J.: 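Quick one: structure below, then a few questions.
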Amino acid sequence: MKGLLEQINQPNDIKKIDEKDYAKLAKEIRAFLVQSVSKNGGHLASNLGAVELTMALHLVMDFPEDKLIFDVGHQAYTHKILTGRKKDFATLRCYEGLSGFPKRKESECDAFDTGHSSTSVSAAAGIATARDLEGRHYRVAAVIGDGALSGGMAYEALNHIGGSRSNMLIVLNDNHMSISENIGGMATYLGKIRTNTKYVGFKDDLEQTLRKTRFGTKLVYKLKRSKDSIKHLIVPGMFFEDMGITYIGPIDGHNIELMVRAFRTAFAANKPVLVHVVTEKGHGYGFAKKDPSTFHGIGPFHIKTGKVLEPSMETSYTDVFSEAVCALAEKNERIAAITAAMPQGTGLSEFAERYPERFFDVGIAEEHAVTFAAGLAAGGYKPVVAVYSTFLQRAYDQIVHDVCVGGLPVIFAVDRAGIVGNDGETHQGILDISYLAHIPGMTVMAPRDGAELKQMLSFAVELKKPAAIRYPRGAAHTITECPLTPLVYGRAEVLYEERGEEGKKDGIALLALGSMVETAVKVRELLSAEAYHVTVVNMRFVSPLDTELLERMAKQYCMLVTMEENVHAGGFGEKTAAYFAERGTCVHLKSIALPDHYIEHGDAGLLRQKYGLTAEKIAGEIRLAYHG
């Protein structure tokens with residue numbers, strides 16, 4: 001007997017399913033999600049929690065005519081299944097396969113490319129306005145999680161649309177979490193609404209009681225017409241209503257019938273409407289329900305045990321950072337740590353347990369995190385902001401104006417720098433050198449291995465100016481054959497030096513930064529076996545550049561090769577070329593970097609191979625350039 005899911009092969013097929021079979025279809029979708037993610041990894045807990053919610057939206061909306069925008073987008077797997085992409089799930093998050101996020105180039109049913117938090121309401125407002133300007137009538141809905149409401153951009157959007165007469169639906173998917181447990185005032189506010197489940201019934205009972213009294217009918221009428229309506233007697237603040245956005249809820253986010261009714265009511269209004277649905281992250285799969293943080297983004301796992309199939313036993317750069325920052329905080333009571341809703345991902349969970357009074361999770365609010373850190377620094381503390389490279393982009397203005405203009409000694413621990421892999425364009429950390437190294441007063445470092453990361457963090461704590469340390473995802477390398485030398489501000493480290501005939505300009509100097517140092521060592525081995533004279537330099541600093549070393553290398557070597565895991569534009573190679581150009585120095589310079597476009601999703605090793613960042617590919621490029 002065929003399952004219901006086999007009947008879903010193109011957009012709107014869900015409307016052919018009998019209402020009594022909705023629960024069965026939801027169960028089949030969950031089983032399919034667990035099976036698919038267990039093979040390739042992905043975002044599981046958030047998707048399991050949004051199955052009925054997505055089904056309800058698809059029952060009310062028509063695709064691709066109507067427009068549905070998912071905040072972040074990592075919970076859009078069910079949407080993809082219901083829009084004809086079920087057959088492609090074997091390729092989920094694989095190179096040239098199905099993306100783990102909404103992508104307009106993948107399907108016309110994806111209305112907006114997402115990947116970062118707190119953007120959906122702004123995008124939906126823009127799409128709804130474009131619709132109105134064109135005189136069209138399609139539906140527009142945004143699904144935003146309660147965690148995303150800790151991001152300031154969401155409030156800017158709510159403030160803008162509050163006085164609008166443009167119809168759009170905002171679905172607040174309240175699962176009590178972002179990646180980790182939610183914190184802050186909005187989480188507390190929603191918790192009060194969530195726990196006050198009897199308020200709707202109480203409101204109705206109050207209205208009926210008042211109508212039976214002598215002045216009751218007039219009183220009810222006045223209460224309904226006044227700003228402080230009956231709802232305000234029951235629910236504190238009514239934040240959304242006060243902003244001019246009609247509020248419906250909270251309702252059960254696993255009850256399709258209730259949601260369908262609420263969504264239809266919302267779309268019939270001539271204004272923005274927010275429907276507050278309460279869901280359970282990991283719903284339907286015990287392991288994900290019990291540990292939603294682990295199953296937020298997980299690698300391949302065993303379905304029956306919930307265990308990751310091949311857990312990494314290697315120490316990661318994040319692990320090294322975690323150990324180092326805790327050790328430094330033990331000796332220095334002025335060190336504080338800040339995260340934007342990612343204590344586990346950034347390695348600050350241990351710090352939070354050991355030094356809770358100096359640990360601050362500000363929610364998904366990178367801009368606030370940076371300026372908050374600036375305030376801590378102005379108050380005499382040494383704040384460490386641990387954040388992924390791709391998310392730090394959101395706080396560029398705050399880095400410039402609130403930290404660097406005043407020269408405040410904030411440390412940025414920039415995790416996931418370089419190619420990250422399967423999450424794709426919105427998550428690759430390929431721009432941080434470009435947007436950090438040109439800021440006056442900002443020191444930018446990149447360690448060659450785990451030991452140097454510890455060294456750089458300790459160095460940054462003593463530095464009386466802003467500093468950023470960028471390091472990659474994954475296992476922390478150890479270059480044992482080259483013991484670390486003391487760190488000197490703005491100075492590089494020569495690991496291997498080899499030249500030809502004395503007094504003659506000869507050989508190749510590899511000027512490598514961070515994650516590319518280990519690759520440079522391998523390139524040297526390949527080229528040295530072919531009788532090339534190769535020197536390897538661990539640049540350590542991209543800002544400031546070690547110009548003394550650059551001048552020496554330009555005089556002694558036939559060819560200089562810069563190596564970085566960042567785009568060309570604004571990167572280490574371009575900065576080095578600009579230095580020589582400004583001085584009129586004639587030098588044969590080759591830049592190894594990522595191309596100036598967004599890097600798609602796929603295995604990180606495969607992507608490095610494609611974009612020429614492997615030792616073999618780089619050695620080949622150098623041979624051609626050297627003899628060209």
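Sequence positions, counted from 1, serve as the residue numbers for this chain. Everything numeric in this text was worked out from a predicted model, so none of it was measured.
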J.: For Glu323, does the CD atom have more than 12 heavy-atom neighbours from other residues, nucleotides or ligands under 6.0 Å away?
T.: no
J.: Students often mix this up, so state it plainly: with edges at 30° and 60°, are the rings of Phe541 and Tyr489 parallel, tilted or perpendicular?
T.: perpendicular
J.: Could you walk me through whether Tyr611 and Glu565 pass the side-chain hydrogen bond (donor to acceptor under 3.5 Å, both in side chains) check?
T.: CA-CA 10 Å; Tyr611 291 108; Glu565 203 166 324; over 6 Å; no
J.: Can a salt bridge be assigned to the pair Glu616 and Lys522 using a cut-off of 4.0 Å between side-chain N and carboxylate O?
T.: no
J.: Can you find a side-chain donor-acceptor pair between Ser515 and Arg470 that sits under 3.5 Å?
T.: no
J.: Parallel, tilted or perpendicular for Tyr388 and Phe391, by the 30°/60° rule?
T.: parallel
J.: Just by modelled atom types, is the Ile592 backbone N or O under 3.5 Å from a matching donor or acceptor in the Glu564 side chain?
T.: no
J.: Is there a side-chain hydrogen bond (donor to acceptor under 3.5 Å, both in side chains) between Thr279 and Asn173? Walk through the geometry before answering.
T.: CA-CA 7 Å; Thr279 62; Asn173 178 18; 2.6 Å; yes
J.: Testing the basics here: between Phe101 and Thr114, what is the closest heavy-atom pair and its distance to 0.1 Å?
T.: CB-O, 3.7 Å
J.: Which donor-acceptor pairs under 3.5 Å do side chains of residues 367-377 form with protein atoms, sequence neighbours excluded?
T.:
residue: Thr371; atom: OG1; partner: Asp402; partner atom: OD2; Å: 2.6

J.: Is Glu497 salt-bridged to Arg552, going by a charged N under 4.0 Å from an acidic O?
T.: yes
J.: Give the ring-plane orientation class for Phe359 versus Phe351, where under 30° counts as parallel, over 60° as perpendicular and anything between as tilted.
T.: tilted
J.: If the plane angle is over 60° it's perpendicular, under 30° parallel, otherwise tilted; pick one for His43 and His296.
T.: perpendicular
J.: Where the side chain of Thr576 meets the backbone of Phe572, is there a donor-acceptor pair that is under 3.5 Å apart?
T.: yes
J.: Is it the case that the ring center of Phe301 lies less than 6.0 angstrom away from the ring center of Phe295?
T.: yes
J.: Looking only at non-hydrogen atoms, find the nearest pair between Val420 and Ala604 and report the distance.
T.: O-CB, 4.1 Å
J.: Would you please test Thr390 and His116 for side chain to side chain contact (heavy atoms under 4.5 Å, CB included) and show each step?
T.: CA-CA 9 Å; Thr390 182; His116 284 192; 2.9 Å; yes
J.: To the nearest 0.5 Å, tell me how far Asp146 CG sits from Asp71 CG.
T.: 11.0 Å
J.: Just wondering, are more than 12 heavy atoms of other shown residues or ligands nearer than 6.0 Å to NZ in Lys289?
T.: no
J.: Taking atom OH of Tyr598 as the centre, does the number of heavy atoms from other residues, nucleotides or ligands within less than 6.0 Å exceed 12?
T.: no
J.: When you measure from the side chain of Arg394 to the backbone of Ser117, do you find a donor-acceptor pair of N or O atoms at a distance under 3.5 Å?
T.: yes
J.: Quick check: closest heavy atoms across Ile364 and Gly147, and the distance to 0.1 Å?
T.: CD1-O, 3.5 Å
J.: For Arg93 and His601, indicate whether the former's side chain and the latter's backbone hold a donor-acceptor pair under 3.5 Å.
T.: no
J.: Can you confirm whether the side chains of Ser316 and Asp319 place a donor and an acceptor under 3.5 Å from each other?
T.: yes
